[in-house]
Amino acid sequence: IPAWASSTGRRMLFPMGLLGAGEKHLFEHTGRVHPVYFAHAYRTVDNVSVSLPPGWRIASTPVARQDSKAVEYSAKAEDVGGVLQITRSLRIDAMKIDAKLYGALRSFFQSVRDGDEQPVVLQRSE
């Protein structure tokens with residue numbers, strides 16, 4: 001993906017949330033008057049393998065995350081024989097969330113954004 005990673009000299013920072021753009025701007029407002037409705041319960045699972053170009057290796061990966069209740073988010077990045085393996089899951093089991101619970105829902109989606117922005121550090125091999 002062109003311009004997805006950002007270069008910092010001999011290193012590149014590669015965000016974990018390759019396919020999580022749909023959640024990037026959800027629930028940014030601090031207040032809510034009406035309940036939140038989802039059209040249906042759903043689950044998205046992304047399983048992405050990234051083959052690194054010659055001369056690059058994975059220097060570090062973020063700590064795996066797991067948040068689980070009526071909504072669930074998990075993200076994990078691993079070095080599998082020099083291939084970056086990213087697994088991300090988002091599950092929403094609620095169809096209606098009362099306005100009084102909006103703060104918790106907003107906090108959850110902020111956690112999703114934070115998890116998606118965690119970088120995998122790639123480094124040039126010597």
Side-chain angles (χ1 to χ4, degrees):
I1 301 173
W4 192 260
S6 55
S7 179
T8 61
R10 294 178 49 89
R11 293 190 173 148
M12 293 191 81
L13 303 177
F14 190 93
M16 293 227 335
L18 283 171
L19 305 173
E23 293 87 30
K24 191 165 185 109
H25 296 289
L26 284 178
F27 309 115
E28 290 180 329
H29 298 286
T30 56
R32 179 98 183 173
V33 175
H34 301 289
V36 175
Y37 291 94
F38 293 97
H40 51 79
Y42 68 93
R43 179 181 195 139
T44 59
V45 177
D46 303 326
N47 195 351
V48 179
S49 297
V50 180
S51 297
L52 303 180
W56 288 90
R57 66 178 181 83
I58 300 167
S60 68
T61 58
V63 175
R65 298 176 69 116
Q66 176 86 30
D67 295 325
S68 177
K69 294 185 180 68
V71 290
E72 176 185 357
Y73 170 75
S74 64
K76 178 175 69 168
E78 300 176 285
D79 181 352
V80 181
V83 173
L84 175 60
Q85 184 70 40
I86 298 173
T87 305
R88 177 189 184 274
S89 174
L90 177 66
R91 177 182 51 83
I92 306 293
D93 279 342
M95 293 181 66
K96 175 186 174 191
I97 297 179
D98 289 329
K100 66 183 177 187
L101 298 175
Y102 176 73
L105 181 67
R106 183 175 183 268
S107 177
F108 171 78
F109 275 96
Q110 181 61 50
S111 174
V112 169
R113 283 189 290 275
D114 291 346
D116 286 350
E117 291 172 2
Q118 292 294 309
V120 174
V121 179
L122 307 177
Q123 185 171 5
R124 286 194 187 273
S125 301
E126 297 299 325

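In what follows, residues are counted from 1 in the order of the sequence shown.
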A side-chain contact here means heavy atoms from C-beta on lying under 4.5 Å apart; do [X] and [Y] qualify?
| X | Y | value |
| --- | --- | --- |
| Leu52 | Ile58 | yes |
| Leu84 | Asp79 | no |
| Tyr42 | Arg91 | no |
| Ile86 | Asp46 | no |
| Pro35 | Ile97 | no |

Inset, instruction - Verify the distance criterion only: is there a donor paired with an acceptor across the side chains of Asp114 and Gln110 at less than 3.5 Å? - result: yes
Considering all heavy atoms of both residues, which atom of [X] and which atom of [Y] are nearest to each other, and what is their separation?
| X | Y | answer |
| --- | --- | --- |
| Met12 | Trp56 | CG-CH2, 3.3 Å |
| Ala77 | Pro62 | CB-CD, 4.3 Å |
| His40 | Met95 | CA-CE, 3.9 Å |

Inset, instruction - Given side-chain contact (heavy atoms from CB on, under 4.5 Å), test Val36 with Leu105 step by step and report yes or no. - result: CA-CA 9 Å; Val36 175; Leu105 181 67; 4.0 Å; yes
Interatomic distance, [X] atom [atom1] to [Y] atom [atom2] [nearest 0.5 angstrom]:
| X | Y | atom1 | atom2 | result |
| --- | --- | --- | --- | --- |
| Arg43 | Ile92 | CZ | CD1 | 11.0 Å |
| Gln123 | Arg11 | CD | CZ | 4.5 Å |
| Phe108 | Arg113 | CZ | CZ | 10.5 Å |
| Leu13 | Ser60 | CG | OG | 8.5 Å |
| Ser89 | Lys76 | OG | NZ | 11.5 Å |

Legend entry - Salt-bridge contact Arg88-Asp116 (side-chain N to carboxylate O under 4.0 Å): yes
Inset, instruction - State whether the number of non-hydrogen atoms from other residues, nucleotides or ligands found under 6.0 Å of Arg32 atom CZ is greater than 12. - result: yes
Legend entry - side-chain hydrogen bond (donor to acceptor under 3.5 Å, both in side chains) involving Asp98 - partner list, sequence neighbours excluded: none
Legend entry - Same cluster (ILVMFWY, side-chain, under 4.5 Å), Tyr102 and Phe38: yes
